[in-house]
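For reference, the structure discussed in these notes is given below.
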Amino acid sequence: MSDQQNGAVVGSKSFTAVAINCAAKAGEWIKTKLGNYENLDLKYSSHDLVTEVDKGSETLIKRLIQTHFPHHSFLGEEGVEPGPEASARALEAKLEDEYLWIVDPIDGTTNFVHGFPFFVVSIALAYRGEVIVGVVYDPMKDELFLAEKGKGAYVHGKRMSVSAESALKSSLVATGFPADHHYALPLNMKGLQAIAPQVRNIRSSGSAALHMAYVAAGRLSGFWEIGLNSWDLAAGALLIQESGGKVSDTLGKPYHLGVRNVVASNGQIHEELVGALALADAAQ
Ligand code: 2AM
Ligand code: CA
């Protein structure tokens, strides 16, 4: 398989085929390990978990990508020291690289550990800092969400589009409760307090990447969370953009790979959601 050098052909089939193949293979393997992992380690705190399955999934994906594209860069959650500073540094070091694969080998590790069936493999390919391919694969439902820059987003091969709600009061939104209990969690709690009475209802299912995919598929109207990493968001952000939605930071500035505090929506409720978080002093 040749390694395209030309920006005009980014998002070509070979990149996408490899991304899909990696996500599917890793996902199938993860599924066989459900309730069957051996080592549970704590990373940053007792809320930040990792198993040998996270590491095995990342190794599988990395090897497969390197077989096809040996000159591409790779950024995976398990190859980075825990903590927000290390994550930001690791991204910074590779952001300018021509092709960078950004991988979360299991997004929703806590769910995986508890047998709660809401976790995914998330794989994104960035070309000079811009995401051009995004794949989120849910092995439990066998649902593969795929987006290519400028070519739309698909689930089960069917074009996705975001939902039609135009106000918070008719919206179903999701958020997440981060592992960082010093900075991120208190902010998310403030947001929760403010947003809950304004929306139809709130969900929090423990995988940022799958929440993002659900916004893209029109199953959620919006999502916000504080303190995420590039690998939690990169694939999901492209899914949403290619489904007609909007992704920004919590202050409303456009999404880029360095964003850690995210607001994602169908576009129509975006301003209202960003505004409500600002009013609650829950944006940063
Ligand atoms: P993970 O399962 O890959 O760790 C849940 O609120 C979301 O936050 C999940 O997507 C989860 O991803 C992510 N998450 C968990 N711990 C985190 C941490 N220490 N830093 C950033 N994101 C984290
Ligand atoms: Ca993970």
Side-chain angles (χ1 to χ4, degrees), residues 17-65 74-80 82 87 101-124 134-147 154-158 160 174-180 202-217 219-220 223 225 227-236 239:
V18 171
I20 292 172
N21 192 13
C22 286
K25 283 213 167 82
E28 285 313 310
W29 181 70
I30 290 165
K31 203 168 128 181
T32 68
K33 293 285 179 179
L34 189 63
N36 190 24
Y37 65 86
E38 281 160 15
N39 303 299
L40 177 61
D41 294 325
L42 306 181
K43 291 208 277 189
Y44 217 44
S45 68
S46 64
H47 311 282
D48 199 356
L49 311 179
V50 66
T51 67
E52 82 278 5
V53 186
D54 296 73
K55 294 170 188 163
S57 171
E58 182 158 318
T59 303
L60 184 160
I61 294 165
K62 190 174 182 180
R63 284 201 187 131
L64 207 50
I65 289 172
F74 184 92
L75 177 66
E77 175 166 23
E78 306 314 331
V80 177
S87 304
W101 292 84
I102 302 169
V103 171
D104 194 337
I106 303 181
D107 189 58
T109 301
T110 305
N111 288 341
F112 173 76
V113 165
H114 286 264
F116 184 88
F118 199 87
F119 49 84
V120 293
V121 179
S122 176
I123 299 179
V135 172
V136 169
Y137 180 56
D138 170 355
M140 301 308 290
K141 290 184 69 125
D142 189 24
E143 280 195 316
L144 190 131
F145 303 86
L146 162 70
Y154 297 81
V155 60
H156 290 303
K158 225 179 126 215
M160 292 195 289
T175 188
F177 300 106
D180 165 16
I202 294 210
R203 299 289 177 261
S204 180
S205 303
S207 162
L210 194 48
H211 280 142
M212 297 277 281
Y214 277 24
V215 172
R219 299 172 188 177
L220 287 168
F223 166 69
E225 188 166 346
L228 294 168
N229 289 307
S230 56
W231 44 80
D232 300 313
L233 295 173
L239 289 173

- Begin from the C-alpha positions of H114 and F119 and carry the test ring pair (Phe, Tyr, Trp, His ring centres under 6.0 Å) through to its verdict. CA-CA 11 Å; H114 286 264; F119 49 84; over 10 Å; no
Indicate the atoms forming the closest heavy-atom contact of [X] with [Y], along with that distance.
X	Y	answer
W29	V53	CZ3-O, 3.4 Å
E143	V155	OE2-CG2, 4.4 Å
V135	A19	CG2-CB, 3.8 Å
G115	L34	CA-CD1, 4.1 Å
G27	P139	O-CB, 3.3 Å
S57	P105	OG-O, 3.0 Å

- Query: Taking only residues two or more places apart in sequence, or in another chain, which ones meet K55 in a salt bridge (Lys or Arg N to Asp or Glu O under 4.0 Å)?
  - Reply: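 For K55 the salt bridge (Lys or Arg N to Asp or Glu O under 4.0 Å) partners, ignoring immediate neighbours, are D41.
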Between [atom1] on residue [X] and [atom2] on residue [Y], distance to nearest 0.5 Å:
X	Y	atom1	atom2	answer
S204	E225	OG	CD	7.0 Å
E52	L40	CD	CG	9.0 Å
I102	S230	CD1	OG	5.0 Å
N229	S87	CG	OG	3.5 Å
I30	N36	CD1	CG	13.0 Å

Side chains of [X] and [Y] in contact at under 4.5 Å (non-hydrogen atoms):
X	Y	value
K33	F112	yes
L210	S205	no
V136	M212	no
F116	M140	no

- Message: Please enumerate all residues that pass side chain to side chain donor-acceptor pair (under 3.5 Å) together with K141, with sequence neighbours excluded.
- Response: none
- Could you tell me whether the side chain of S207 and the main chain of G108 form a donor-acceptor pair under 3.5 Å? no
- Task: Could you tell me whether the side chain of E78 and the main chain of E58 form a donor-acceptor pair under 3.5 Å?
- Result: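 It does not hold such a pair.
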- Side chains of T109 and D54: donor-acceptor distance under 3.5 Å anywhere?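 Yes, because at least one side-chain N or O of T109 sits under 3.5 Å from a partner of the opposite role on D54.
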- Task: Evaluate the criterion side-chain contact (heavy atoms from CB on, under 4.5 Å) for residue pair D142 and Y137; output intermediate values, then yes/no.
- Result: CA-CA 7 Å; D142 189 24; Y137 180 56; 2.6 Å; yes
- Please report the C-alpha distance between L64 and V18 in whole Å, then the side-chain angles of each, then the deciding distance to 0.1 Å, and finally whether the side-chain contact (heavy atoms from CB on, under 4.5 Å) criterion is met. CA-CA 8 Å; L64 207 50; V18 171; 5.5 Å; no
- Query: What is the ring orientation for F223 with H211, classed by angle as parallel under 30°, tilted 30 to 60°, or perpendicular over 60°?
  - Reply: tilted
- With sequence neighbours left out, write down each residue that passes side-chain contact (heavy atoms from CB on, under 4.5 Å) with A216, or none if nothing qualifies. M160, L239, I240, S243
- Test applied, side chain to side chain contact (heavy atoms under 4.5 Å, CB included); reference residue, W231; option that passes from D107, I123, V80: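 Output: one option passes, namely V80.
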